[in-house]
Every structure is written in C-alpha cells, then in structure tokens.
Amino acid sequence: MDNIPVWSKDLVRRHLPHRHPESHKGTYGTALLIAGSSGMPGAAILASAAAMRSGLGKLVVATARESIAPIASHVPEATFEPELMERINDPDLDLDSYKAIAIGPGMLPDQRTEAAVGHLLRVGKPLVLDAGALSERAYGKTEAPVILTPHPGEFSRITGVPPEELQHKHAHHAANWAARLGVTIILKGHNTVIAFPDGEIYLNPTGNSALAKGGTGDTLTGMLLGMLCCHDNWRHAVLNAVHLHGACADEWVTTRSAHTLLAHELTELLPTVMKSYE
Ligand code: APR
Ligand code: MG
C-alpha cells in the first residue's frame with residue numbers, strides 16, 4: 001500500500017482534548033482494566049499507571065487477588081474489582097457504568113479470557129484487546145469500537161498470515177483484516193499502522209527501537225484506555241495514544257541510550273511530552 005497518510009504531530013495538536021475548568025472526574029469517566037495474573041502482575045502495573053496518566057477520571061482494575069497489593073503500591077490512585085473474572089458471565093454483572101474497557105496485558109490466552117472477551121463484546125463500550133485477549137475469532141456486528149493491538153507475532157496467530165508476509169505488506173494485511181473482522185487493528189512495531197474497519201488507515205510517525213523491550217505494549221494499552229476516556233472521538237483517542245506513546249520513546253533517546261528505556265519510564269515522560277503538543 002502506497003501513500004498511507006501519517007498521523008502527524010500537527011494532527012495530534014489539533015485533536016487533543018482540553019480539560020474543561022468545570023470538569024470533574026465523572027466528566028472523563030471510569031475505565032475498566034482487566035489485566036495481570038498471579039505470574040504476571042507487572043503488566044497490570046504498567047497498564048494501570050499508563051491509563052491513570054492518560055486523562056481518565058477513575059480507574060478500576062480487575063486482577064488476580066494476589067496482584068492487588070503490588071499494583072496498589074505502584075498506582076495508589078487505582079481501585080480494584082477482585083472477583084470480576086469469576087463473575088464475568090453473571091447476568092447481573094453491570095458494566096454499563098464504564099466509559100471504556102481494556103483486557104489482556106499479563107493474561108493468558110485461555111478459555112476463561114476468551115469467555116470474558118465474548119461477554120465484554122456485548123457490553124457496547126469501546127474495548128481494547130491486547131496480549132492474552134487476542135485470539136482467532138469473529139466479532140460480528142458490534143455497537144462500540146473494538147480495538148486490537150497485536151504485535152506481528154500476535155497478528156499472525158489471530159489471522160494465520162505468515163510472519164514473513166508482514167515484513168513488507170503489513171499495512172495491506174492490517175487494512176484487510178480490519179475490514180474483514182470489523183475491528184480497528186493497531187499493528188505494532190517499527191512503522192506501527194492503525195487500520196479502521198471502514199478502510200481509513202494511518203501510519204504512526206513516532207517511536208524507535210528503545211521500545212523493543214517487554215512491557216512497552218502493556219504501557220500502550222493503558223494509554224489507549226485513558227485516552228479513550230478523555231477524547232470525544234474514539235478514533236482520535238486511538239491515533240493520539242499511539243503517537244504519544246512513540247513520542248515518549250523519541251524524547252527518551254534525545255538524551256539517553258535507546259538500550260536503556262524501561263516501559264514505566266514512558267509513562268513518566270508522558271506529562272512533558274503531552275504538554276509539548278498542547
Ligand atoms: N520501533 C518502534 N516501535 C517499536 C519497535 C521498533 N523497533 N519495537 C517495538 N516497538 C513498539 C511497538 O510498536 C509496541 O508499541 O513497542 C511496543 C511493543 O509491544 P509488544 O510487542 O506488545 O510488547 P509487550 O507486550 O510489552 O511485551 C511483553 O508481551 O507478547 C507478549 O509475552 C510477550 O513478554 C512479552 C510481553
Ligand atoms: Mg504485548
């Protein structure tokens with residue numbers, strides 16, 4: 001695919017939301033993050049902190065009971081819903097109050113996760129699927145946007161497209177599968193591409209090899225969740241989150257070695273990086 005438009009710095013500037021003087025936390029909404037497992041609490045910490053930094057009003061984290069203490073010690077602003085995964089199929093479980101939902105960081109792609117995704121797709125709120133929540137499945141017609149965030153290996157796993165096919169034709173395959181599945185696909189890596197289900201597609205111009213390290217994807221999922229809460233337009237939220245996540249890595253390498261970035265440092269850089277766009 002040639003001539004794919006770039007979601008430029010100027011476009012981010014023009015589409016960043018303002019925080020209104022009279023707003024309160026309810027204005028921006030409550031996000032639900034389902035993440036982490038007993039062996040992988042770190043992914044939930046990274047995604048929680050990134051979400052809290054990205055404009056939402058409140059954050060509820062549904063995670064393994066033993067992960068709550070470590071997450072709370074890193075992200076004291078978060079609240080918790082420890083039994084949510086056990087109750088996910090309970091018809092009385094009401095998820096309507098959430099403004100946006102993300103699931104998958106630090107989770108295994110098992111039957112329980114798959115059942116949870118099936119339920120969340122019926123809630124009708126913007127839904128981000130990452131890591132363990134990515135699977136080969138159909139989405140049917142969904143009321144609200146569904147956003148998949150695969151790296152090339154995950155994209156291959158969920159579509160069957162061989163990894164070597166993605167090297168030069170990644171945008172073509174992302175666009176094809178976004179249309180076919182009726183979802184938005186953020187195909188991550190060098191030259192991340194964002195493909196919407198109606199054929200709209202953008203290249204992200206930010207990011208660098210400092211991001212090639214475990215945890216940076218979890219941080220992106222958190223930023224997506226937070227941005228979905230503070231933007232009126234969900235497409236702008238997705239595009240701005242991907243751009244700003246990469247811009248934090250670009251800021252890192254202006255003064256520090258690309259070898260040394262830790263995923264949580266993206267979240268620490270976001271306040272000054274985002275300010276430079278306002
Ligand atoms: N240039 C620009 N951006 C890059 C580059 C690069 N060379 N390499 C990686 N990135 C960016 C991607 O675009 C994405 O935003 O870094 C992020 C990496 O995301 P993931 O691949 O999802 O990594 P992450 O989830 O953090 O890795 C943790 O996920 O796949 C599982 O188990 C696996 O241990 C791994 C875990
Ligand atoms: Mg990942």
Side-chain angles (χ1 to χ4, degrees), residues 4 6-7 12 33-51 53-54 67 102-110 113 117 128-136 147-159 163 166-168 170-171 173-174 184-195 201-227 237-254 256-270 273:
I4 300 172
V6 170
W7 190 253
V12 177
L33 172 68
I34 307 175
S37 48
S38 50
M40 292 188 274
I45 295 171
L46 292 168
S48 301
R53 277 260 196 247
S54 301
S67 300
I103 177 168
M107 290 173 69
L108 296 170
D110 58 17
T113 306
V117 172
V128 180
L129 303 179
D130 182 29
L134 292 168
S135 64
E136 191 178 349
I147 300 138
L148 275 47
T149 68
H151 58 56
E154 288 163 337
F155 185 88
S156 281
R157 172 164 67 78
I158 65 176
T159 61
L166 293 175
Q167 274 171 4
H168 302 293
H170 76 301
H173 289 294
T184 294
I185 297 181
I186 301 171
L187 180 50
K188 299 184 295 190
H190 176 63
N191 286 334
T192 292
V193 68
I194 300 105
I201 185 165
Y202 289 96
L203 271 179
N204 179 55
T206 61
N208 60 73
S209 60
L211 290 171
K213 193 174 284 179
T216 56
D218 307 320
T219 303
L220 175 63
T221 292
M223 289 185 185
L224 285 162
L225 182 62
M227 299 272 173
V238 168
L239 293 161
N240 287 348
V242 174
H243 183 112
L244 289 168
H245 175 263
C248 291
D250 292 345
E251 171 61 24
W252 179 268
V253 299
T254 58
R256 287 147 289 200
S257 164
H259 292 294
T260 63
L261 175 73
L262 300 180
H264 76 265
E265 284 160 335
L266 297 169
T267 299
E268 286 158 27
L269 286 167
L270 185 63
V273 168

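Quick note: residue numbers are just sequence positions, from 1. Every number for a ligand or one of its atoms is a count from 1 in the order of the listing.
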| remark: CD1 (I185) and CD1 (I201) are apart, to the nearest 0.5 Å, by 9.5 Å
| query | How many angstroms lie between CE in M40 and CG in D218, if you round to the nearest 0.5 Å? | reply | 9.0 Å
Tell me whether [X] has any N or O atom under 3.5 angstrom from an N or O of ligand 1.
| X | answer |
| --- | --- |
| G215 | yes |
| H151 | yes |
| G217 | yes |

| Is the shortest heavy-atom distance from the side chain of T159 to the side chain of H173 under 4.5 Å? | no
Within a distance under 4.0 Å of any heavy atom of [X], pick out the atoms of ligand 1 and give their elements.
| X | result |
| --- | --- |
| D218 | 25 (O), 26 (O) |
| T192 | 13 (O) |
| E154 | 30 (O) |
| G189 | 2 (C), 3 (N), 4 (C), 12 (C), 13 (O) |
| A212 | 8 (N), 9 (C) |
| K188 | 12 (C), 13 (O), 14 (C), 15 (O), 19 (O), 20 (P), 22 (O) |

Under 3.5 Å, side chain of [X] to main-chain N/O of [Y], donor-acceptor pair present?
| X | Y | result |
| --- | --- | --- |
| S54 | M227 | no |
| H245 | T216 | yes |
| N204 | V193 | no |
| H264 | A49 | no |
| R157 | L134 | yes |

| Candidate with minimal heavy-atom separation from atom 2 (C) of ligand 1, of T219, T221, V193, N208 | N208
| Closest to atom 4 (C) of ligand 1 among L211, I186, D250 (heavy-atom distance) | L211
Please indicate, with yes or no, if any protein heavy atom is found under 4.0 Å from [atom]?
| atom | answer |
| --- | --- |
| atom 33 (C) of ligand 1 | no |
| atom 27 (O) of ligand 1 | yes |
| atom 9 (C) of ligand 1 | yes |
| atom 13 (O) of ligand 1 | yes |

| query | Got the closest protein heavy atom to atom 15 (O) of ligand 1, with its distance? | reply | H245 CE1, 3.3 Å
| Which protein non-hydrogen atom lies closest to atom 17 (C) of ligand 1, naming both residue and atom, and how far is it? | T216 OG1, 3.1 Å
| message | Between T113 and D110, is the side-chain hydrogen bond (donor to acceptor under 3.5 Å, both in side chains) condition met? List the steps. | response | CA-CA 5 Å; T113 306; D110 58 17; 2.8 Å; yes
| If you measure from each heavy atom of S209 to ligand 1, is any distance below 4.0 Å? | yes
| message | Going by side chain to side chain contact (heavy atoms under 4.5 Å, CB included), V128 matches just one of L220, T149, T184, V238. Which one? | response | T149
| side-chain contact (heavy atoms from CB on, under 4.5 Å) between L166 and F155, worked out | CA-CA 9 Å; L166 293 175; F155 185 88; 3.7 Å; yes
